[in-house]
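Only one structure is covered here, and it is reproduced in the block below.
Order of the sequence lines fixes the chain letters, A, B, ..., with proteins taken first and strands second; residue numbering starts at 1 for each chain.
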Protein chains: 2
Amino acid sequence: MGGTVTSSVTQLDDQEGQDGPSGGALYRQVAADLREAITTGAYGEAGRLPAEGALAERYGVSRGTVRQALAVLRADGLVTSRRGTRRVVLGNARVQSFSELLSFTHWARALGEEPGGRLESLVRRPADAAEREQLRLEPGAEVYVTLRLRTLSGTAVMVERTVYPPHVGVLVAKLPPDVVSHTEHLREHGILFTDADHTIDVVAANAEDAKLLGCRRGAPLLRERRRTTDPTGRPVEWSQDRYLPGTVSFSVHNSMVTSALSRHARTSDD
Amino acid sequence: MGGTVTSSVTQLDDQEGQDGPSGGALYRQVAADLREAITTGAYGEAGRLPAEGALAERYGVSRGTVRQALAVLRADGLVTSRRGTRRVVLGNARVQSFSELLSFTHWARALGEEPGGRLESLVRRPADAAEREQLRLEPGAEVYVTLRLRTLSGTAVMVERTVYPPHVGVLVAKLPPDVVSHTEHLREHGILFTDADHTIDVVAANAEDAKLLGCRRGAPLLRERRRTTDPTGRPVEWSQDRYLPGTVSFSVHNSMVTSALSRHARTSDD
DNA sequence: GGGGCCAAGTTGGCCAGCCAACTTTGTCCG
DNA sequence: CGGACAAAGTTGGCTGGCCAACTTGGCCCC
């Protein structure tokens, strides 16, 4: 069983996406190529991947680089990995890029839907205790709070309440109210999003939610709270998104080796 | 900035947990020690970690091993990581072990609550198309389906419907109905859980849910669907858990380098 | 005082090699 | 025919080294 798989890569080069740091890294190119091969079914449903050494030779890189690439796929849940056997294809789960997950606009476009957004309000006010905690601000600091209704091809699906720290908020405040993607605009102004913590649960719609989304007060909404930080670890956003049921779901993969998911009992916060 | 941090590890040894493979690996011990130091605040709120080289010297390992350890912490969202600067402490987020996330019993005990479970029904029947797809079974295969009501210190919080493939189901069927943790019991019989895919959304309670959980029919429930596989990649469980609102929430960390989370638009599945 | 420049420090990435642990396969023997 | 054993194949883990890319801080000059 040698090289029957039509390897589309002999020398790796070109193509630098806007997503992910140092997309020019060898191991990322190898990972991308293998991901492509796996999702198109080149190795079968539960097939076995070539050995690390074989891949190293095929791509003309060291075994260490191949291992780095395979670690990416393993973390994404595409392949298994255990000592003694070749890696096995787990699934062809489509994993989204980070920006696609953070930006409603990116996500909608990747889905083929037309994202829309209407800015309902934008206020500047002193941060409360919870906000100072989340955004790591000193007492007395001010925050910028936006309220936006998000639509997918015209229909309302989500209410988004975002709290920005001052250095980000001033940029948001200067935006014209019809800008669809705040995230994209902030990136162009040097605000980078690299890490995010998400918490997902269910809440009842309050009066404001109900009016905007067109549902009853008290109707259940899928809530995602998200705190995003920049490369230096400084919080740049604290957002609370409330989705109408049936519009979205969240998927996570985790394994023994990488587990970023956890389950929490409700406490009396918020 | 020398060695002011009281390093509790000069030679790394002893202590093998039941969780995680090869816990004796050096990089895991280093990671565990650093995690401990970070969560106890030894490096401050947004403090900087020692350089890789310094850590390598402190622990008596190579820089590569330290990098492996730090990759774990970075994936857990504990520290940032970018070229040119020392790593910065992101947060002290408590990340659960894998088994704690898969097993309701494990999770409850770690919380200090008393887990309970009542087996409502256990049936063996031919798998439908969706089940064959999820569990990767051939047409005509049978599955074992359990329905369990889960309690936390006496109060009902969740309804669990689990579908097992034959080779796992036979073990479950032999269990006495009062066994609290199926997961633990299965592990003792050689069924290992290593990878899981989770999907989280909201559904309305059906008549059965309502009766068991003591809520209205149509009341919103937080649903987690989970497919678990063993080390070889073979599905061993397909479960659907429905939580009463306000009892639990799910947390995920993701970053530019590791993103296992994704958001999906509802389709007409299920 | 401010801005630009340079050097030191730090992480990202890649390579080559070695051994241990484990799985799988096939052989041999009872 | 079945089980024990041996050998080959494969991944996990660790080391040591090298260079590039990037950040930070200090210095110098205007």
Side-chain angles (χ1 to χ4, degrees), chain A residues 1-2 11-13 16 20-32 34 47-75 79-88 190 192 194 230-234 255-258, chain B residues 1-2 12 16 20-32 34 47-75 79-88 190 192 194 230-234 255-258:
Chain A
M1 60 216 68
Q11 74 271 8
L12 301 160
D13 50 19
E16 165 82 21
S22 65
L26 273 180
Y27 79 92
R28 286 182 183 277
Q29 299 177 42
V30 172
L34 286 173
R48 290 161 72 190
L49 253 56
E52 294 174 355
L55 291 173
E57 194 174 1
R58 179 199 300 181
Y59 290 109
V61 299
S62 79
R63 193 188 145 210
T65 300
V66 168
R67 286 174 63 80
Q68 224 171 333
L70 290 169
V72 175
L73 303 184
R74 177 187 56 182
V79 296
T80 65
S81 201
R82 62 190 180 121
R83 183 144 46 181
T85 349
R86 297 236 185 114
R87 286 174 176 80
V88 173
L192 297 178
T194 56
D230 68 9
T232 71
R234 191 157 63 145
S255 70
M256 215 104 188
V257 289
T258 59
Chain B
M1 65 221 50
L12 300 160
E16 165 82 21
S22 66
L26 274 178
Y27 79 91
R28 286 182 184 277
Q29 298 178 41
V30 173
L34 287 173
R48 289 162 71 190
L49 252 54
E52 294 174 356
L55 290 173
E57 194 172 1
R58 180 200 298 181
Y59 290 110
V61 299
S62 79
R63 195 189 145 210
T65 300
V66 169
R67 285 174 63 79
Q68 223 169 333
L70 290 170
V72 175
L73 302 183
R74 176 187 58 183
V79 296
T80 65
S81 200
R82 61 189 181 123
R83 184 146 45 182
T85 341
R86 296 234 187 116
R87 285 175 176 80
V88 174
L192 298 177
T194 55
D230 68 10
T232 70
R234 191 156 64 147
S255 71
M256 215 105 188
V257 288
T258 58

Check: B/V79 and B/L49 side chains under 4.5 Å, non-hydrogen atoms: yes

Angle by which the axis turns from one end of the helix from C/dG1-D/dC30 to C/dG30-D/dC1 to the other, five pairs per end, to 10 degrees: 10°

Shortest non-hydrogen contact between A/A31 and A/L73, atoms and distance: O-CD2, 3.8 Å

Those residues that, when tested against A/T80, pass side-chain contact (heavy atoms from CB on, under 4.5 Å) (two or more places apart): A/V88, A/L90

Residues forming a side-chain contact (heavy atoms from CB on, under 4.5 Å) with A/S81, sequence neighbours excluded: A/R74, A/R87

With sequence neighbours excluded, residues passing side-chain contact (heavy atoms from CB on, under 4.5 Å) with A/T232: A/D230, A/R234, B/R82

Distance-minimising heavy-atom pair for A/V30 and A/A69: CG1-CB, 3.7 Å

Nearest-angstrom distance from the residue atom CZ of A/R87 to C1' of C/dC22: 14 Å

Nucleotide C/dT25, atom P - distance to CZ of A/R48 in whole Å: 7 Å

Sort me out a list of protein N/O and nucleotides 5-9 of chain C N/O pairs below 3.5 Å, or just none if empty.
from, atom 1, to, atom 2, distance (Å)
C/dG9, N2, B/G84, O, 3.1

Gap between atoms OH and P, on B/Y59 and D/dG13 respectively (whole Å): 18 Å

Rounded interatomic separation in angstrom, taking CD from A/Q29 and C1' from C/dG13: 12 Å

Nearest heavy atoms of B/T194 and B/P231, plus distance in Å: OG1-N, 3.4 Å

Spacing of B/L49 atom CG relative to C/dT11 atom P, expressed in whole Å: 9 Å

Spacing of CZ belonging to B/R58 relative to CG belonging to B/L34, to within rounding of 0.5 Å: 7.0 Å

OP1 or OP2 of D/dT24 under 4.0 Å from side-chain N/O of B/R82: yes

Spacing between B/L55 atom CG and C/dT10 atom P, to the nearest angstrom: 11 Å

Between the protein and nucleotides 14-18 of chain C, which nitrogen or oxygen pairs come in under 3.5 angstrom?
from, atom 1, to, atom 2, distance (Å)
C/dC14, OP1, A/L26, N, 2.3
C/dC14, OP2, A/Y27, N, 3.4
C/dC15, OP2, A/S62, N, 2.8
C/dC15, OP2, A/S62, OG, 3.2
C/dC15, OP2, A/T65, OG1, 2.5

Closest contact, heavy atoms only, A/T65 versus A/Y27: O-CB, 3.6 Å

